[in-house]
Amino acid sequence: MPQAQELEEGSWAWLVLLASMLSQALTLGFPTCTGIFFTELQKDFQATNSETSWFPSILTALLHAGGPLCSILVDHFGCRQTVMLGGVLASLGMVTSSFSRTLSQLYITAGLITGLGMCFSFQASITVLGYYFSRRRALANALASVGISLGITLWPLLSRYLLEELGWRGTFFVFGGVLLHCCVCGAILRPVTTTRAPGTKENLPPPSKTPVPGCLAACGQTFKRHLAFDVLVHNPSYRVYALGVMWMVVGFPLPHVFLVPYAVRHGVDENRAALLITIIGLSNIFMRPLAGLVAGQRRFASHRKHLFILAVLLNGLTNLVCVASADFHVLVGYCVVYSVSMSGIGALLFQVLMDIVPMDRFSSALGLFTILESISILISPPIAGFLLDATNNFAYIFYMSSFFLVSAALFMGGSFCALQKKERRDRLKAEGTITETVTEKGLTLEVPSENRLCPEIMYVTSV
């Protein structure tokens, strides 16, 4: 971070929390409104469902895949400059997309440029909370995540209104001005006085005295630092979780993209159809912080993986409601139940990752995790669009979503149970070996007191 100016957990920290909340509303909440423009873009460009689906998939994939690049920018320039750069890029992408004449131009402007800018803004605004909060970090993250729910609530309403008044080109142009408010959020992120950097910089090795490596070697070191392939190979729990979430995400974003076109296809008024996404966001405003606070309780610390798996399973089963009926009142009930499971997934996704990966490797593990996640996000809507073109039936999209979510939940649940049994067998074998060794040497084995916590358990629960 640059030269310190503000105190950790001082009065300015709460203003920074508000800026982070607004930044997440502007960025992470935005992809949910892209389904409102789906039909208009398809008509304007005379495109198929699969071709039109590439726009939201590229936008959302870049929103997650730019994590390692964002981490490098934060290390070199700080959170404030990175958030402001992201705001400029996101605004530039939306403004230029309003002049697009082909879908390829829309992919580059509203997809690539805007997605990358949003990634810089939201990830840097989350990172800065680690500098401003230590004791209340869990509470700060839970409150900041309310911004996502606010974005999911307000973006569809604004999109529907502007689309009727200005068309999609005028709406995208206005969105460019709205996204410039990320720069205002970034300006609030003053550097902070802290005795330690959050998470990963406490136990770094001393600077090497070897000569400065060349460009290629430096790139290789940076690649290894921000992408934890060694963790993927040697940590079986991380491998199971990363692959399970990657599989889950193929089905998870589909309702956000196709729910509005599905409702309109079955006779629901366009304004009421857009209201469905707003209902999901409004429910998330209350459910997401509650889920985060519940997950932060010590009694649930050892069961977060199981709670996450249950949330994924419920989310997959809930999508089958859309197949049963397209009545507006049924869809409203679907949105309420869907938001409950969605809140659980959002609150536990990174918390479970923190429980699985040591904090000194969390940053690089997160970078690889988001890239794997973005691959699924990139291919998911186009596959669903191709399926819709082939069948002309939205029911198959919700079947597809349920299949990936339910199968991912079963895979993670079965794999974690198998790993726990293996760890238990290895622990019993190790304890038996130690007992035999102590008995042979005639030593006394001290049994630890139940009231005394072992350092590893204290470390995990402190996360």
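- No side-chain donor-acceptor contact under 3.5 Å links Trp168 to the backbone of Phe38.
- The minimum heavy-atom distance linking Val257 with Pro56 is given by the pair CG1-CG, 4.2 Å.
- For the residue pair Ser325 and Leu331, the shortest heavy atom distance occurs at O-CD2, 4.0 Å.
- More than 12 non-hydrogen atoms from other residues, nucleotides or ligands lie less than 6.0 angstrom from CZ of Phe45.
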Start with the C-alpha gap between Phe308 and Tyr241, add the side-chain angles, then the distance that decides, and say whether ring pair (Phe, Tyr, Trp, His ring centres under 6.0 Å) holds.
CA-CA 11 Å; Phe308 177 79; Tyr241 189 62; 5.5 Å; yes

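- With hydrogens and angles left out, the side-chain atoms of Trp155 and Thr32 include no donor and acceptor closer than 3.5 Å.
- Put simply, the side chain of Phe30 reaches to within 4.5 Å of the side chain of Leu59, judged on heavy atoms.
- Looking at Arg239, its side chain does come within 3.5 Å of a backbone N or O of Leu232 through a donor-acceptor pair.
- A donor and an acceptor atom, one from each side chain of Tyr338 and Asn319, are nowhere located under 3.5 Å apart.
- Between Val406 and the choices Asn315, Leu314, Leu313, Leu320, the side-chain contact (heavy atoms from CB on, under 4.5 Å) rule is met once, by Leu313.
- In this structure, Tyr399 places its OH atom where only 12 or fewer heavy-atom neighbours from other residues, nucleotides or ligands lie under 6.0 Å away.
- Between Gln420 and Arg425, every side-chain heavy-atom pair lies at or beyond the 4.5 Å cut-off.
- Between Leu387 and Ile397, the shortest heavy-atom contact is CD2-N, 4.3 Å.
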Under the side-chain contact (heavy atoms from CB on, under 4.5 Å) rule, what do Tyr107 and Leu112 come out as? Steps first, then yes or no, please.
CA-CA 6 Å; Tyr107 297 158; Leu112 180 66; over 6 Å; no

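- Looking at Ser91, its side chain never comes within 3.5 Å of a backbone N or O of Val88 through a donor-acceptor pair.
- Taking a 6.0 Å sphere around CZ of Phe386, one finds it holds 12 or fewer heavy atoms contributed by other residues, nucleotides or ligands.
- The SG atom of Cys79 lies 11.0 Å from the CD atom of Gln123; values are rounded to the nearest 0.5 Å.
- Between Cys182 and Thr27, some side-chain heavy-atom pair lies under the 4.5 Å cut-off.
- Looking at Glu51, its side chain does come within 3.5 Å of a backbone N or O of Thr48 through a donor-acceptor pair.
- The main-chain N or O of Thr102 is never found under 3.5 Å from a side-chain atom of Ser100 such that the two would form a donor-acceptor pair.
- Considering only heavy atoms from C-beta on, Val337 stays 4.5 Å or farther from Val321 through its side chain.
- At a threshold of 4.5 Å between non-hydrogen side-chain atoms, the residues Leu163 and Arg160 count as touching.
- A donor-acceptor pair is defined here as one N or O able to donate and one able to accept, closer than 3.5 Å; such a pair exists between the side chain of Asp389 and the backbone of Ser50.
- Between Phe398 and Tyr262, a ring centre-to-centre spacing shorter than 6.0 Å is recorded.
- When all heavy atoms are compared, the tightest approach of Thr171 to Leu166 is N-CB, 4.1 Å.
- Here the CZ atom belonging to Phe122 is positioned 14.5 Å from the SG atom belonging to Cys185, to the nearest 0.5 angstrom.
- Met400 is listed as a side-chain neighbour of Val250, based on a closest heavy-atom distance under 4.5 Å.
- With rounding to the nearest 0.5 Å, the separation of CD1 in Ile379 from OG in Ser53 is 13.0 Å.
- Judged by distance alone, the side chain of Ser57 and the main-chain N or O of Trp54 form a donor-acceptor pair under 3.5 Å.
- Between the side chain of Ser97 and the backbone N or O of Ala110 there is no donor-acceptor pair closer than 3.5 Å.
- With Ser125 contributing its side chain and Ser121 its backbone, the two residues share a donor-acceptor pair below 3.5 Å.
- Contact of the Gln105 side chain with the Thr96 side chain is not registered, since no non-hydrogen atoms from C-beta on lie closer than 4.5 Å.
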Does the pair Met84 and Gln81 meet the rule for a side-chain contact (heavy atoms from CB on, under 4.5 Å), with working shown?
CA-CA 5 Å; Met84 297 178 74; Gln81 288 83 352; 5.8 Å; no

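- Here the closest non-hydrogen pair linking Ser20 and Ile126 is OG-N, 4.3 Å.
- Looking at Asp44 and Arg169, their side chains come closer than 4.5 Å, going by heavy atoms from C-beta outward.
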Verdict with supporting geometry, Phe120 and Leu69, side-chain contact (heavy atoms from CB on, under 4.5 Å):
CA-CA 8 Å; Phe120 293 165; Leu69 180 57; 3.7 Å; yes

Give the C-alpha distance, both sets of side-chain angles, the deciding distance and a yes or no for ring pair (Phe, Tyr, Trp, His ring centres under 6.0 Å) between Phe172 and Phe37.
CA-CA 10 Å; Phe172 280 20; Phe37 303 99; 5.1 Å; yes

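- For the atom pair Lys305 NZ and Ser415 OG, the distance stands at 11.0 Å (nearest 0.5 Å).
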Given Phe411 and Trp247, is the ring pair (Phe, Tyr, Trp, His ring centres under 6.0 Å) satisfied, shown in steps?
CA-CA 10 Å; Phe411 166 74; Trp247 185 260; 8.7 Å; no

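- Around the CZ atom of Phe173, the shell of radius 6.0 Å holds no more than 12 heavy atoms that belong to other residues, nucleotides or ligands.
- Going from atom CG of Leu103 over to atom CG of Leu41 covers 7.0 Å, rounded to the nearest 0.5 Å.
- One N or O on the side chain of Ser149 and one on the backbone of Asn284 form a donor-acceptor pair closer than 3.5 Å.
- Rounding to the nearest 0.5 angstrom, the gap separating the CG atom in Leu28 from the NE2 atom in His64 is 6.5 Å.
- The heavy-atom pair separating Asp355 from Arg304 by the smallest distance is OD2-NH1, 2.9 Å.
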With side-chain contact (heavy atoms from CB on, under 4.5 Å) as the criterion, how do Asn393 and Leu388 come out once you've worked through the C-alpha distance, each side chain's angles and the decisive distance to 0.1 Å?
CA-CA 6 Å; Asn393 189 345; Leu388 182 60; 5.7 Å; no

